[in-house]
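Remarks on the structure that follows.
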Amino acid sequence: MTQWETVIGLETHAQLNTRSKIFSAAATAFGAEPNSQACAVDIALPGVLPVLNRGAVERAIRFGLAVGGNIASRSVFARKNYFYPDLPKGYQISQYEAPVISGGSLAVAVGEREITVRLTRAHLEEDAGKSLHEDFHGKSGIDLNRAGTPLLEIVTEPDLRSAQEAVAYAKALHALVRWIDICDGNMQEGSFRCDANVSVRPAGSAALGTRCEIKNLNSFRFMERAIEFEARRQIEVLEDGGRIVQETRLYDAQKDETRPMRSKEEAHDYRYFPDPDLLPLAISEEWIERVRGEMPELPGAMRERFTRQYSAAPAEAAALTATRETARYFEAAVGAVGDPAAARVCANWIAGELAARLNRENLDIGAAPVSPEQLAGLVRRIADGTISGKIAKEVFDALWNGEAADADACIEAKGLRQISDSGAIGRFVDEVIAADPESVAEFRAGRQKALNALVGRVMKVSGGKANPQQVAELLRARLAG
Amino acid sequence: MSRDALLDGGLAALSAALASRRISSVELTAAYLGRIERENPRLNAFITVDPDRSLAQARAADERIARGEGGVLTGIPVAHKDIFCTRGWPTTCGSRMLANFVSPYDAHVIERFDAAGCVILGKTNMDEFAMGSSSETSFFGPVRNPWDTGRVPGGSSGGSAAAVAAGLAPAATGTDTGGSIRQPAALCGVSGLKPTYGVVSRYGMIAFASSLDQGGPMARLAADCAWLLNAMAGHDARDSTSLDRPPEDYARDLDKPLAGLRVGLPREFFAEGLDGDVARAVEAALGEIRRLGASTVEVSLPNMALSVPAYYVIAPAEASSNLSRFDGVRYGYRAPHYADLAELYGKSRAQGFGAEVRRRILIGTYVLSHGYYDAYYLQAQRIRRLIAADFAAALANCDVLMGPTSPTTAFALGDRAGDPVQMYLSDIYTIAVNLAGLPAMSIPCGLGANGCPVGLHIIGDYFGEARILNVAHRYQQATDWHTRLPGGAQ
Amino acid sequence: MPLTREQVARIADLARIEILPAEAETLQGELNRIFTLIERMRAVDASAFVPMAHALDVSQPLREDAPAEPDRRAEFLALAPETEAGLYLVPRVIE
């Protein structure tokens with residue numbers, strides 16, 4: 001039986017988070033009343049003309065720098081001609097032969113592996129409006145608020161070999177565009193949309209198979225399922241002796257299948273040509289350097305630095321750089337602790353307790369009720385032995401719930417200071433040895449586990465405040481005697 | 001000066017009369033409106049007049065003059081080609097597609113004239129979407145030439161040319177994509193200037209071929225055109241192709257002597273296809289120019305013959321895309337009966353556009369389509385570069401180029417309407433200028449055998465408007481062709 | 001290389017201009033006459049010349065990213081042949 005290999009390339013439309021549209025001064029805010037943000041240019045009144053938004057270009061430059069692509073000193077806007085009611089001019093202003101960004105790549109972690117996905121290009125274009133299909137007496141309603149929203153279309157080489165790789169790439173790209181603050185990444189609102197070109201070929205074959213483009217992949221989960229379905233479908237067709245027809249297919253999440261788009265597939269002929277209303281776009285070296293100077297440290301570089309500077313494990317470094325806000329939080333907390341040695345404790349708390357709580361309450365790290373400074377105060381008290389890790393969770397809860405302004409106040413108010421006085425701990429230890437002869441006997445018989453039980457009982461008696469290390473040491477000393 | 005002499009005497013006389021309060025803008029506007037009322041049924045030069053609106057503007061202009069805040073053009077009525085979007089006015093582009101379109105905004109040119117205190121006298125008739133050389137393709141019927149109503153006024157700005165020639169307006173705006181200001185100016189015996197591409201904003205000027213379209217003034221005198229251009233020109237941030245240059249006074253060099261002027265005469269302008277009476281009038285004009293101190297030298301534009309075919313690829317290609325927005329959805333004509341979206345588009349566009357517009361959309365669609373783009377569109381763009389290079393070489397050793405504006409005088413109505421190719425060749429001398437983006441002007445320089453005017457074509461280097469206007473003005477100081485009126489009156 | 005009836009039908013479809021059967025032949029003839037004129041240009045070797053898309057060799061100006069358009073929906077919708085609930089209406093769009 002033939003072994004099949006899936007080959008995938010992704011095209012992503014990232015809406016750029018400018019305040020105004022790419023070619024008009026209408027606002028881009030999401031969710032406005034239909035057509036209330038569609039100005040004369042957006043509805044394509046006779047005689048109106050496009051003027052390019054500097055902010056959109058600057059975001060494209062940021063992206064080019066982030067992926068190490070070539071930023072064209074001269075790029076050209078072209079018209080892509082087709083009729084559709086949500087496309088008011090009858091053409092979309094896009095870039096064709098001379099895109100603003102070409103080349104570049106993205107390093108993507110897929111499980112334990114890292115793959116490099118090459119980018120073909122990234123170009124600026126305008127979004128279309130929306131057709132609403134609710135029943136207007138059997139008609140469609142057209143809302144042009146979205147028409148003219150800037151998009152960066154990011155196209156990969158066919159470098160992806162599985163749905164998992166495709167999703168990993170899409171997630172990495174999603175994180176990157178948010179990291180460099182060019183796109184809000186809101187997939188529900190359509191700010192980040194992916195289409196996948198999928199083909200299959202016998203493993204080892206160099207030639208590409210006929211591909212199908214799958215649209216409507218509006219979540220990572222759907223992307224994975226759609227690609228898996230499509231690859232299976234194509235393999236079945238080929239194994240049955242059929243052939244793949246190049247076409248555009250829609251993913252139907254409810255049926256978990258892809259199907260050909262119903263609209264007449266009248267072999268498009270977009271008649272691209274340079275837009276005569278827009279002169280070539282010039283991007284100077286000075287402009288690029290200015291943007292470079294304003295770029296944040298990129299996630300890859302930051303991961304490396306965290307590994308080096310804080311001895312973070314690769315997985316830890318990856319978690320801390322999942323978003324720019326997480327990294328910012330981490331560095332703020334480490335800075336507030338003032339001791340680089342405490343960095344890993346901070347990392348553990350951020351990747352552990354904080355992440356879990358945020359996840360449970362569906363919050364972004366930016367909205368965390370515990371500030372980096374508060375976390376730092378907590379970590380400081382763990383480091384200097386004032387509280388144990390267990391008590392620290394209680395303090396963290398109190399901070400999360402707003403019960404105390406900082407860790408010290410909480411420890412003071414609740415009397416949570418760890419007991420490190422060996423006299424006091426000795427009294428607890430003696431109490432427990434007297435009360436639990438069975439465990440004592442077991443330990444003496446060589447069962448190490450029994451020590452844990454005894455430590456636990458001492459901790460309980462101390463109200464959790466005894467220093468567990470000291471407890472264990474004293475127990476060992478007493479029982480050995 | 002009699003009232004009629006004042007109305008036909010050029011802008012300087014009108015401006016002086018208004019400034020000294022010898023006549024009010026209301027009186028002046030009413031006088032032209034009266035002429036329009038009498039003459040327009042015969043000429044069909046205007047699509048829309050709205051006396052109430054015009055007179056209200058005139059009253060405002062009079063108040064401004066009374067406050068001592070008037071400029072040289074304040075109170076002067078100007079007729080606008082119906083291609084300029086004019087807030088609150090129907091703006092039809094001569095098409096059924098926009099027959100009911102009332103513009104919700106003003107073109108930059110309209111704003112500029114408004115700021116100068118001019119009165120909108122009406123919207124002038126034109127070839128549909130500016131596609132034509134005879135003003136016969138208008139949905140509102142053909143414009144007639146005031147010199148002979150059996151003949152065409154040229155096009156596409158034929159309504160503006162006819163209005164100025166017949167004294168229905170002292171000044172008008174036009175647009176020129178392949179000769180649409182200069183050729184009707186020539187055929188109607190008025191002065192008309194197409195500026196360097198980018199000097200006048202295209203914002204609100206309904207696009208035909210965006211990389212070629214340029215608005216410009218039409219009036220009786222070259223000096224009038226200078227004043228009008230002063231109002232029209234200037235940077236506009238809403239048009240990405242509008243040039244941000246320091247403002248200039250286009251009238252600054254009007255009186256400069258022509259001694260030392262070097263005039264290039266492209267051999268190809270005087271070759272086969274040029275009518276004898278046109279050639280004779282132009283030769284005579286060149287004699288006059290030499291008498292004024294200029295020297296002439298033969299130059300060559302070797303690829304001029306290629307300009308018409310290249311133009312009929314580039315202009316329709318851009319037009320096919322520019323006119324896609326007319327789809328019956330957001331404004332404009334929608335067919336009364338359609339079964340689905342495809343029919344809504346197909347029928348609205350088939351019924352809303354006239355035959356010439358449909359033809360050009362189809363040509364443009366074809367030359368951009370897959371498999372033909374390189375052979376037609378890209379080749380035409382290479383030819384365009386070739387032609388621009390020819391002009392650069394010709395202008396390297398002279399200040400302006402001169403020749404006839406049109407190979408013939410006004411032709412009979414219907415004569416070329418059935419033969420698009422014949423019609424396209426009417427613009428053989430003007431088209432190349434648009435491809436290069438150069439400024440050029442036509443001024444009256446004689447009468448042909450049929451008693452209709454002949455135009456002298458003056459082409460300058462980029463941003464050479466002031467020089468062209470200087471040459472034209474000096475010529476008009478020395479001659480009287482520009483004062484001749486249709487019907488033999490002077 | 002004359003245009004066939006099929007080619008004319010194809011470009012008319014791309015341009016969304018309905019052609020009635022009665023006018024198809026005349027139109028084909030007219031277009032072919034125009035293409036005879038255009039063909040003159042194709043024989044020329046202009047390969048040394050860079051295609052010229054714009055009259056002047058300048059680059060495009062850029063606009064600052066600041067919203068500056070008032071809501072004129074009511075005025076614009078009034079221009080349209082058919083609207084409802086703030087939307088432009090068209091025959092049902094099929095995805």
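Below, chains carry the letters A, B, ... as their sequence lines are ordered, and counting in each starts from 1. What you see below is based on every heavy atom in this structure, not just the backbone, and it leaves out hydrogens, waters and symmetry mates.
- Annotation for B/Asp239 and A/Val51: closest pair N-CG2, 4.3 Å, computed over non-hydrogen atoms.
- For residues 35-48 of chain A, a heavy-atom distance under 4.5 Å to chain B picks out A/Ile43, A/Ala44, A/Leu45, A/Pro46, A/Gly47, A/Val48, given by residue number.
- In this structure, chain B has no heavy atom under 4.5 Å from any part of A/Tyr270.
- A/Asp277 touches chain B through backbone and side chain together, each having a heavy atom under 4.5 Å away.
- B/Asp327 contributes atom CG, which lies 13.5 Å from atom OH of A/Tyr84 (distance to the nearest 0.5 angstrom).
- Looking at B/Phe101, the atoms closer than 4.5 Å to chain A (heavy atoms on both sides) all sit in the side chain, from C-beta outward.
- The candidate with the highest count of non-hydrogen atom pairs below 4.5 Å against chain A, out of B/Ala209, B/Ser320, B/Ser211, B/Ser210, is B/Ser210.
- Note that the OH atom of A/Tyr91 and the OG atom of B/Ser321 stand 5.5 Å from one another [nearest 0.5 Å].
- Heavy-atom contacts from other residues, nucleotides or ligands closer than 6.0 Å to CG of B/Asp340 number more than 12.
- A distance of 5.0 Å separates CG in A/Leu278 from OG in B/Ser240, rounded to the nearest 0.5 Å.
- Side-chain rings of B/Tyr373 and A/Phe273 stay apart, their centers remaining 6.0 Å or farther from each other.
- Each of B/Arg202, B/Met205, B/His370 has some count of heavy-atom pairs under 4.5 Å with chain A, and the biggest count is that of B/Arg202.
- Heavy atoms of other residues, nucleotides or ligands lying less than 6.0 angstrom from CZ of A/Arg290 number more than 12.
- When the shell of 6.0 Å around CZ of A/Arg211 is examined, it contains 12 or fewer heavy atoms from other residues, nucleotides or ligands.
- If you measure heavy-atom distances from B/Leu212 to chain A, you find no contacts under 4.5 Å at all.
- Heavy-atom pairs under 4.5 Å with chain A were tallied for B/Leu341, B/Leu323, B/Leu378, B/Thr365; the largest tally goes to B/Thr365.
- In this structure, the portions of B/Tyr203 lying under 4.5 Å from any heavy atom of chain A include both its backbone and its side chain.
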message = Would B/Arg330 and A/Leu144 count as a side-chain contact (heavy atoms from CB on, under 4.5 Å) here? Give the steps.
response = CA-CA 11 Å; B/Arg330 298 164 314 286; A/Leu144 298 175; 3.6 Å; yes

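- In this structure, CG on B/Asn322 lies 4.5 Å from CZ on A/Arg79, to the nearest 0.5 angstrom.
- Residues A/Arg271 and B/Ser369 have side chains that never bring a donor and an acceptor to within less than 3.5 angstrom of each other.
- Other residues, nucleotides and ligands contribute at most 12 non-hydrogen atoms within 6.0 Å of the OH atom of A/Tyr96.
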